[in-house]
Amino acid sequence: MSGTTTTGSATPAGAKQEGSTRRTRRRARRAERIRDAGGQLPTRSLVLRYILLLVVFAICIGPFLWQLSTSLKGTTEDIYTFPPRWFPSHPTLGNYDKVAQIIPVWDYALNSLKVAASNVVTNVIGSSMAGYALARLRFKGRKLAGVAFVMAMLVPLESIMIAQFTTMRELHLNNTLIAVVLPGCIGAMNVLLMRNAFANLPYEIEEAAIIDGANVWQRFLRVALPSVKGTIAVVAIFAFMGAWDDFLWPLIVLSDTSKFTLTVGLNYLNGTFNTNPRVVAAGTIIAVLPLIVMFACLQRFFFRGVGEGAVKG
Amino acid sequence: MARRPSATRTHAASSPWLFLLPGLVVTAAFSLYPFVSTVWKSFTDARTLSAGTWVGLQNFTDMVHDDQFWTGLRNSLLYVVCVVPFTVMLPLLLAMLVRRYVPGISFFRAAFYTPVVASVVVVGLIWVWMLDDRGLVNGMLHAVGAGPVHFLSNQWLLLFSAMALTVWKGLGYYMIIYLAALANVPNELHEAAQMDGAGAIRRFTTVTVPAIRGTMALVGALSSVAAFKVFSEIYLLAGPSGGPGGEDTSLVMLVQRTGTGLTGRTGYASAISVVIFVITLLLMLLVLRLDRKDKE
């Protein structure tokens, strides 16, 4: 890991690291595009390429479109037709009303939102603070603290969830949204991601602040944090997505139907009523739409997060 | 570098620990302590509502005689064996397909990543509906004169459907990892191979694969650990009890079923958790070891 020594990267060229990597990446992409355009792709292989792309597109996106289509079909429309009909004959939002009558789907969505938002706030604050200390401050016990986070990352959640469940019972937090958030509220991996981001900053950027007599908190807030915005965005997005999508832990810790998050609520909807696929479809669309919109807007950070997370994980 | 000491002087000795406090408390309380407590409880007969007493290796000997444990272990290991080859190869092929720039390629890349963004519950329920006896897949099979296939009532078809779901959901994720690795393969190698008259398949096996072997091992390690810990896919497709006769139960499902709720057998579930932890570590070591052997 490159994160442990900061002195090596103290080059002025890296001063605007975050901004300039994006610029170089864009430049590289343009160069790639030009080179590829120069290395002319024969029409036949281009056509073949698009056919393959469309096939994979159908495999990846088709199921979502089918679900959307099902959710818009009215009660009178046969959803079991052979061959399957992709376009509803009389599109209706009735199923979205109906799912709200069967389960309090909007309350569940609000619960999910609360959990996800808290998870973002705690992860961003907690992991940037810890990451900063590990990367930029020198003190006795720093190595040991780093090891604690690495070890925590190696323990799979699935093998400690029973103990976490017991802990939550002991804290009288069972069946609360706080219990859903707590175990992951400052992820060890996020701490390590932030540590690496801070460690890659050149030493000079804090120097002027030190000369001006800024203390460590001022340096953290005014100098270091603004320089790692990109990584903070990655942490925030993955914290949101992780909490919004999580299923196993909320399933274990929540037993009261009024406290459910969307994922647990949808599972409940599917199991208890064995209802109409149209209504279940409406519920799943409600659960997935916010994330798809978010992904469409912030794609770059999603992809970046995969790269950084995978290398460290 | 000479200026460094001045930095250390500008923070009070206590402030680094103030920075670390929230992170360390959470990590200690909700990762490290639960781990120690899991190991401890695995030697007791604790239940949800009682702390239990020391029973030595009783839980582990019980496990050996528990058919459900062996079913869970079989399914989880089978999951690794069947899923991992696909999660290592398919995303690589996909990455090679989307690597080259053609108009609209970033749209396709984003589309292929969409299943990763969606919750496993959402995609699980979508698949339940698609694989229904009268669902989309059987509709298409009917169109070509086949089926119907009862995906969701046969023990093995259920398991294989869940595996397919896992592979499908992970495609985009591993594709992105491979894309980053492929960008680092020097183009000259391909050009040289092409000059020597190597075809596309030949170039794939002699240039691409050796150059990204490390990444393939990483993907193998990540996906085998994830596959071994499978829970949601089977839970959603086969139901909480794990399909007909519970024959599709995975090890993590067994932990969830035996260890939670007011009557949970905490001690026994902890013992299974310890087994899960050990096998997870072994899998990781094994995959990384294979990679090193390959290089020699």
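Letters A, B, ... are given to chains in the order of the sequence lines, protein chains preceding strands, and every chain is numbered from 1.
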> B:D132 versus chain A, heavy atoms under 4.5 Å apart: side chain, backbone, both or neither?
Replying inline: side chain
>> In terms of relative ring orientation, are A:F238 and A:F302 parallel, tilted or perpendicular, with 30° and 60° separating the classes?
In response: tilted
>> Tell me whether A:Q164 contacts the main-chain N or O of A:P183 through its side chain, where contact means a donor paired with an acceptor under 3.5 Å.
In response: no
> Counting distance only, does the side-chain N/O of A:E206 pair as donor-acceptor with the main-chain N or O of A:Y203 below 3.5 Å?
Replying inline: no
> Can you tell if the side chain of A:E170 reaches within under 4.5 Å of the side chain of A:F165, non-hydrogen atoms only?
Replying inline: no
> Is it the side chain or the backbone of B:Y235 that comes within 4.5 Å of chain A heavy atoms, both, or neither?
Replying inline: side chain
> Who wins among A:G131, A:A152, A:A145, A:G126 for the most heavy-atom pairs under 4.5 Å with chain B?
Replying inline: A:A152
> Under the 3.5 angstrom rule, does the side chain of A:D212 hit a backbone N or O of A:A214 as a donor-acceptor pair?
Replying inline: no
> Is the cationic atom of B:R265 (NZ for Lys, CZ for Arg) positioned less than 6.0 Å from the six-membered ring centroid of B:Y268 and within 45 degrees of its normal?
Replying inline: yes
>> Taking side chain as everything from C-beta outward and backbone as N, CA, C, O, which of these in A:V56 sits under 4.5 Å from a heavy atom of chain B? Side chain, backbone, both or neither.
In response: both
> For A:T263, is it the side chain, the backbone, both or neither that has a heavy atom under 4.5 Å from a heavy atom of chain B?
Replying inline: both
> So what's closer than 4.5 Å to chain A heavy atoms on B:L94: side chain, backbone, both or neither?
Replying inline: side chain
>> Can you tell me which portion of B:L18 sits under 4.5 Å from chain A's heavy atoms? Options are side chain, backbone, both or neither.
In response: both
> Between A:I61 and chain B, which part of the residue has a heavy atom less than 4.5 Å away: side chain, backbone, both or neither?
Replying inline: side chain
> Out of B:V117, B:L20, B:L281, B:T48, which one racks up the most heavy-atom pairs below 4.5 Å with chain A?
Replying inline: B:V117
>> Given the ring of A:Y80, does B:R134 sit roughly above its face, with NZ or CZ under 6.0 Å from the centre of the six-membered ring and within 45° of the axis?
In response: yes
> If you tally heavy-atom pairs under 4.5 Å against chain B, which of A:L248, A:V253, A:V191 wins?
Replying inline: A:L248
> Given A:W244 and B:S119, is the side chain to side chain donor-acceptor pair (under 3.5 Å) satisfied, shown in steps?
Replying inline: CA-CA 8 Å; A:W244 184 273; B:S119 168; over 6 Å; no
>> Which one wins on heavy-atom pair count under 4.5 Å against chain A: B:V252, B:T215, B:L97?
In response: B:L97
>> What part of A:I211 gets within 4.5 angstrom of chain B, counting heavy atoms only: side chain, backbone, both, or neither?
In response: neither
> Using non-hydrogen atoms only, which part of A:S127 is less than 4.5 Å away from chain B: side chain, backbone, both, or neither?
Replying inline: neither
>> Please classify the contact between B:F277 and chain A as side chain, backbone, both or neither, with a heavy-atom cut-off of under 4.5 Å.
In response: both
>> Does any backbone or side-chain atom of A:Y50 lie under 4.5 Å from a heavy atom of chain B? Answer side chain, backbone, both or neither.
In response: side chain
> So, does B:K169 use its side chain to make a donor-acceptor pair with the main chain of B:A118 at under 3.5 Å?
Replying inline: yes
> By a 4.5 Å heavy-atom criterion (distance strictly below it), what part of A:P63 contacts chain B: side chain, backbone, both, or neither?
Replying inline: both
>> With a 4.5 angstrom heavy-atom cut-off, is it the side chain or the backbone of A:M294 that approaches chain B, or both, or neither?
In response: neither
> For A:A163, does its backbone N or O pair with a side-chain atom of B:S37 as donor and acceptor, under 3.5 Å?
Replying inline: no
> Is there a donor-acceptor pair closer than 3.5 Å between any side-chain N or O of A:S159 and the backbone N or O of A:V155?
Replying inline: no
>> Under a 3.5 Å threshold, yes or no: a donor from one side chain and an acceptor from the other, between A:W217 and B:S15?
In response: no
>> Please identify, among B:T27, B:V116, B:V120, B:I176, the residue contributing the most non-hydrogen atom pairs under 4.5 Å to chain A.
In response: B:I176
> Is chain A contacted by the side chain of B:L93, its backbone, both, or neither, given a heavy-atom distance below 4.5 Å?
Replying inline: neither
>> With a 4.5 angstrom heavy-atom cut-off, is it the side chain or the backbone of B:T280 that approaches chain A, or both, or neither?
In response: side chain
>> Please classify the contact of A:F295 with chain B as side chain, backbone, both or neither, using a heavy-atom distance under 4.5 Å.
In response: side chain
> With a 4.5 angstrom heavy-atom cut-off, which part of B:F231 approaches chain A: side chain, backbone, both or neither?
Replying inline: side chain
> Which region of B:A110, side chain (C-beta onward) or backbone (N, CA, C, O), has a non-hydrogen atom less than 4.5 Å from a non-hydrogen atom of chain A, or is it both or neither?
Replying inline: both
>> Which residues pass the side chain to side chain donor-acceptor pair (under 3.5 Å) test with A:N123, not counting sequence neighbours?
In response: A:N119, A:N190
> Measuring heavy-atom distances to chain A, does B:K229 have an atom under 4.5 Å in its side chain, in its backbone, in both, or in neither?
Replying inline: both
>> Taking side chain as everything from C-beta outward and backbone as N, CA, C, O, which of these in B:V123 sits under 4.5 Å from a heavy atom of chain A? Side chain, backbone, both or neither.
In response: side chain
>> For B:L32, which atoms come within 4.5 Å of any heavy atom of chain A: side chain, backbone, both, or neither?
In response: side chain
>> Using a 4.5 angstrom heavy-atom cutoff, name the option from A:A281, A:G141, A:S255, A:A287 with the most pairs to chain B.
In response: A:G141
>> What part of A:F303 gets within 4.5 angstrom of chain B, counting heavy atoms only: side chain, backbone, both, or neither?
In response: both
>> Heavy-atom pairs under 4.5 Å with chain A: which of B:I276, B:V98, B:T114, B:N138 has the most?
In response: B:T114
>> Closer than 3.5 angstrom, by distance alone: can the side chain of B:T260 be matched with the main-chain N or O of B:R257 as a donor-acceptor pair?
In response: no
>> Which one wins on heavy-atom pair count under 4.5 Å against chain A: B:Y174, B:W168, B:Y33, B:W40?
In response: B:W168
>> Between B:T38 (side chain only) and B:S270 (backbone N and O only), is there a donor and an acceptor less than 3.5 Å apart?
In response: no
> Of the backbone (N, CA, C, O) and the side chain (C-beta and beyond), which part of A:W249 lies under 4.5 Å from a heavy atom of chain B, both, or neither?
Replying inline: neither
>> Between B:L49 and chain A, with a heavy-atom cut-off of 4.5 Å, which part of the residue counts as in contact: side chain, backbone, both or neither?
In response: side chain
>> For chain A, which candidate among B:L236, B:V102, B:T266 shows the most heavy-atom pairs at distances under 4.5 Å?
In response: B:V102
>> I need the residue from A:T122, A:L154, A:I79, A:D246 with the largest number of non-hydrogen atom pairs under 4.5 Å to chain B.
In response: A:I79
>> Keeping B:T258 on the side-chain end and B:L254 on the backbone end, is there a donor-acceptor pair under 3.5 Å?
In response: yes
>> Is there a side-chain contact between A:M189 and A:F149 in this structure, where contact means two heavy atoms from C-beta onward sitting under 4.5 Å apart?
In response: no
> What do the steps show when you test A:F57 against B:F107 for ring pair (Phe, Tyr, Trp, His ring centres under 6.0 Å), and what is the final call?
Replying inline: CA-CA 10 Å; A:F57 178 85; B:F107 169 75; 5.6 Å; yes
>> Using only atom types and a distance under 3.5 Å, with no angle test, would you say the side chain of A:R142 pairs donor to acceptor with the backbone of A:L137?
In response: yes
> Is it the backbone or the side chain of A:I125 that comes under 4.5 Å from a heavy atom of chain B, or both, or neither?
Replying inline: neither
> Contact part of B:V26 toward chain A, heavy-atom cut-off under 4.5 Å: side chain, backbone, both or neither?
Replying inline: side chain
>> Heavy-atom pairs under 4.5 Å with chain B: which of A:L157, A:L251, A:L46 has the most?
In response: A:L251
> Highest number of heavy-atom pairs under 4.5 Å with chain B: which of A:G187, A:C60, A:S128?
Replying inline: A:C60
> Checking A:R169 against chain B: side chain, backbone, both or neither under 4.5 Å from a heavy atom?
Replying inline: side chain
